[in-house]
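Structure record follows, encoded as structure tokens.
Bear in mind that the values here come from a model prediction, so they are computed numbers and not experimental data. By convention in this document, chain letters (A, B, ...) are assigned in the order of the sequence lines, proteins followed by strands, and residues within each chain are numbered from 1.
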Protein chains: 2
Amino acid sequence: MGITGKSERLSPTGPDCGERYGWGVDPAASSPTAAQSRVIVGALEVFARNGVGGTSLQMIADEIGVTKAALFYQYRSKQEIVLAAAESELARLDDVISAAETSASAGEAREVMIAGMVELAVERGRRMGTILSDPVIVGYFADHGGFRATMQRLRHVLIPDDHRPESAVRLAMVIAAVSGAVLHPFAAGLDDDTLRRELRRLTHAVLDAPD
Amino acid sequence: MGITGKSERLSPTGPDCGERYGWGVDPAASSPTAAQSRVIVGALEVFARNGVGGTSLQMIADEIGVTKAALFYQYRSKQEIVLAAAESELARLDDVISAAETSASAGEAREVMIAGMVELAVERGRRMGTILSDPVIVGYFADHGGFRATMQRLRHVLIPDDHRPESAVRLAMVIAAVSGAVLHPFAAGLDDDTLRRELRRLTHAVLDAPD
DNA sequence: GTCTATAGTGCGATAGAC
DNA sequence: GTCTATCGCACTATAGAC
């Protein structure tokens with residue numbers, strides 16, 4: 001057993017390893033079927049324990065009690081599974097943003113958003129944090145798909161009418177703080193209610209800090 | 001090429017995959033030799049791009065221009081390399097804490113600590129963030145080695161004389177916010193000076209928030 | 001829709017020449 | 001102290017029976 005799982009089998013293969021990632025076309029973010037959802041749920045569970053790169057298809061298959069071949073029936077590659085899992089977690093954030101946007105006022109929208117973000121972080125924990133902070137996933141989402149659009153909507157809800165570049169730091173910090181704090185061993189011992197309350201309170205402190 | 005690097009080779013091997021990690025004895029956190037330092041520097045670079053699990057020994061060897069066998073001369077396994085790299089980054093945080101602790105007053109110590117943390121985050125970026133947020137590394141450090149002691153010292157410098165459980169959330173949030181914000185694509189476009197200034201300012205906002 | 005069987009490749013790790 | 005060569009194994013992915 002090893003630090004990355006056991007005796008290791010972890011990296012890229014093929015002709016062009018390393019920094020380049022040929023993702024091909026965006027693997028259809030269309031809604032997963034029931035069987036695909038089972039794969040995604042199991043994959044997120046294993047990713048949370050082993051990291052994305054440290055997870056094999058066999059582990060995912062074992063987790064949900066099917067064979068590797070069954071995974072290939074639902075998805076054409078590990079890459080597609082990883083992407084589908086990441087997009088499924090990102091969709092949860094998107095749903096919270098959409099709910100906040102229907103609020104009557106900008107102030108209420110912000111409150112709904114903060115509560116929703118905190119709830120998501122506490123409820124999803126490592127399952128969301130691990131996949132969305134994976135360096136390869138971050139690199140992919142940084143310039144593909146709806147990620148940038150989602151972040152712009154989030155920015156508009158949390159920090160309305162502020163387009164100065166520095167306010168991007170405030171947004172990045174709030175996101176990192178909420179999603180990262182729950183992963184820290186220091187927060188592991190706390191009950192969820194205390195965690196929720198403190199996260200909401202301190203998120204307000206960052207967002208309300210004067211310029 | 002894949003989401004985790006290329007065509008994948010990523011996970012645990014052997015009889016007992018998954019949640020258990022037998023680390024054996026703590027792989028001597030003694031100071032690395034010059035050759036070992038070269039391995040660690042290269043490894044951190046590749047980890048930052050591919051994740052810990054997504055990095056093979058071949059990639060590390062290529063990064064520093066040696067063969068795989070040369071790595072095995074310096075370290076006995078991939079696990080030892082990963083641990084040494086993580087401990088080397090953690091040692092940088094330890095150094096900043098030690099510097100802060102020599103301050104004349106508690107207030108000055110906190111200022112030194114905040115500035116040092118922010119500097120570390122901006123300077124090290126993904127090289128520190130990726131390895132210290134890897135789920136397997138987090139799990140290992142959570143109950144081994146000097147990690148808990150380091151976190152207690154950090155807590156005492158940043159939030160003196162507050163031993164309530166909720167203040168752990170404040171600490172976890174500050175750590176996550178500072179180290180995580182620099183990894184976010186939103187912060188990627190900003191110049192380092194603006195980033196530093198905003199991070200210091202908002203860190204104060206969290207630490208100074210009334211109870 | 002799930003299976004077995006297998007192809008083909010790269011993995012971590014070791015042995016031993018230099 | 002770095003090399004070449006190699007072992008045995010787990011990996012992703014495919015083909016095709018049921």
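Rounding to whole angstrom units, NZ of residue K78(A) and P of dA10(D) are separated by 16 Å. Following rounding to the nearest Å, F72(A) (CZ) and dT14(D) (C1') show an atom-to-atom distance of 8 Å. Atom CG of D62(A) is separated from atom P of dA10(D) by 13 Å (rounded to the nearest Å). Protein atom CE of M59(B) is 13 Å distant from nucleotide atom C1' of dG12(C), rounded to whole Å. Taking atom CG on L57(B) and atom P on dG12(C), their separation rounds to 4 Å, with Å as the unit. Between Y75(B) atom OH and dG12(C) atom P the separation is 17 Å, expressed in whole Å.
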Sort me out a list of protein N/O and nucleotides 1-4 of chain D N/O pairs below 3.5 Å, or just none if empty.
unit_1 : atom_1 : unit_2 : atom_2 : d
dG1(D) : OP2    : Y73(B) : OH     : 3.4
dT2(D) : OP2    : Q74(B) : NE2    : 3.4
dC3(D) : OP2    : T67(B) : N      : 3.0
dC3(D) : OP2    : T67(B) : OG1    : 3.0

Working for salt bridge (Lys or Arg N to Asp or Glu O under 4.0 Å), residues R127(B) and E89(B): CA-CA 8 Å; R127(B) 294 196 295 286; E89(B) 290 302 290; over 6 Å; no
Evaluation steps, salt bridge (Lys or Arg N to Asp or Glu O under 4.0 Å), between R92(A) and D95(A): CA-CA 5 Å; R92(A) 293 173 191 269; D95(A) 290 345; over 6 Å; no
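Checking side-chain atoms of H204(B) against main-chain N and O of R200(B) turns up a donor-acceptor pair under 3.5 Å. A distance-only check finds a donor-acceptor pair linking the side chain of D162(B) to the backbone of R164(B) [under 3.5 Å].
The line from CD1 of I114(B) to CG of L202(B) is 11.5 Å long, rounded to the nearest 0.5 Å.
Residues forming a ring-ring contact (aromatic ring centres under 6.0 Å, His included) with F47(B) (at least two apart in sequence, or on another chain): none.
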